[in-house]
Amino acid sequence: MVLLIVWGLADNDALLSVPLLVGVFLSTLSSVISSFVVAILNVQNHYVLPGLLWGLRIIPLLVFWKLSPNVIYLPWLMAGIGLSDILRARCLYSKVKLDGVLSVDWREVFRGYAAVAIGSIVVGMNPIVDRLIAGLGQPGDLSILELGERIFGIVGSLSTIGIMSVLLVEFSDRVKLGDLSRYFQKILVVFLGWSCLWLLFIYSFWYLLEGRIFAFLKLTDLQYQLVTLIFFNYLGGLPAFIVGLVCVRGFLSIGKAEVIAVLAVVSLGVNALLSYVLNSLLGVSGIALATSIVTTVITITMIILLSNSRYV
């Protein structure tokens, strides 16, 4: 017998952990199913439907709100969201055209998938390493680092939301036309300009609302200054972060996913070393600075490789 412990649920509510587990399982299962279907829809130039169908999650949320939000109903909310995700996957599957899709070279597909999976896993280890290094510093450093990183994560995701899937399809089409090199250079200029504009917007927004952004978190002045410094150190790498995502799509479109995996391993090692050094010299804000430096170097490396006629 396995005891499932859920925060906010008393011992006599242990059975409520079952719908919570079911909801998480259904959401994970639907993600596996729908990711394949969404990829096919994107190739067939259908981008709106996958996004709109996320609206199915509103149904269990409305029910939860109607029942008066309470932690007791949270597991059932998760189960409802899981069921809505399964319904989304089913709706997507009914719209996709599988003609010709199953005739691809599956060995090539799985080779690319393995390389992307390895790269994603390795990249996902960077925040873990950063947190381990932050844990070596002063008490509270880890929490402050995570707060600054989460804010940057929101900013970074908002700057590219919905764009990268479309870009991958466009790159793939350009590869077929033999025009990727020139198109890639234009896209780089566009996204570099966009990232600089986004950077300017964030700096302006931050200073406009300075002192108010974290008021609800009851941060001390020292904590606020440290979070601001960490966020700005991450923000310095935003152009490299955005352009790097473009470069990743470039490698995927030409079937060179293994290059991404190799660079991910290199970045993990260099980031760990540089984060440790700068954390020792500058404190926890040095970890954010190290991440931006490594991101910039890796992005420049990808641009150089993609500019090489061997690849494009």
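Using the six-membered ring where Trp is involved, Tyr234 and Phe152 have ring planes that are parallel, under 30° apart on the 30 and 60° scheme.
Sparse packing is recorded around CD1 of Ile58, with 12 or fewer heavy atoms of other residues, nucleotides or ligands lying under 6.0 Å away.
Interatomic distance, Arg249 CZ to Leu306 CG, rounded to the nearest 0.5 Å: 13.0 Å. Interatomic distance, CD1 of Ile242 versus CG of Leu188, reported as 12.5 Å (0.5 Å rounding).
For Glu146, the side-chain hydrogen bond (donor to acceptor under 3.5 Å, both in side chains) criterion is met by Arg150, not counting sequence neighbours.
Hydrophobic clustering of Ile, Leu, Val, Met, Phe, Trp and Tyr side chains at less than 4.5 Å, counting indirect connections, unites Leu238 with Leu147. Val129 and Leu281 fall within a single hydrophobic cluster, where Ile, Leu, Val, Met, Phe, Trp and Tyr are joined by side-chain heavy atoms under 4.5 Å apart, directly or via other members. Residue Leu192 is grouped with residue Ile187 when hydrophobic side chains (ILVMFWY) are merged at heavy-atom distances under 4.5 angstrom, including chains of intermediate members. No single ILVMFWY cluster, assembled from side-chain heavy atoms under 4.5 Å apart, contains both Tyr276 and Leu132.
Residue Leu289 is tested with Leu229, Leu282, Ile230 for a side chain to side chain contact (heavy atoms under 4.5 Å, CB included); the sole match is Leu282. Shown are Leu142, Asn233, Asn279; of these, the side chain to side chain contact (heavy atoms under 4.5 Å, CB included) with Val284 is made only by Asn279.
Residues Val270 and Ile293 form no side-chain contact, since every pair of their non-hydrogen atoms from C-beta on lies 4.5 Å or further apart. In this structure the side chain of Asp141 never reaches within 4.5 angstrom of the side chain of Leu145, judged on heavy atoms.
Here the closest non-hydrogen pair linking Ser267 and Ile298 is CB-CG1, 3.8 Å.
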* To do: Quick one: do Cys247 and Phe184 satisfy side-chain contact (heavy atoms from CB on, under 4.5 Å)? Show the steps, please.
  => CA-CA 9 Å; Cys247 292; Phe184 177 72; 4.0 Å; yes
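Taking the six-membered ring wherever Trp is involved, the centroid distance between the rings of Phe191 and Trp194 does not fall below 6.0 Å.
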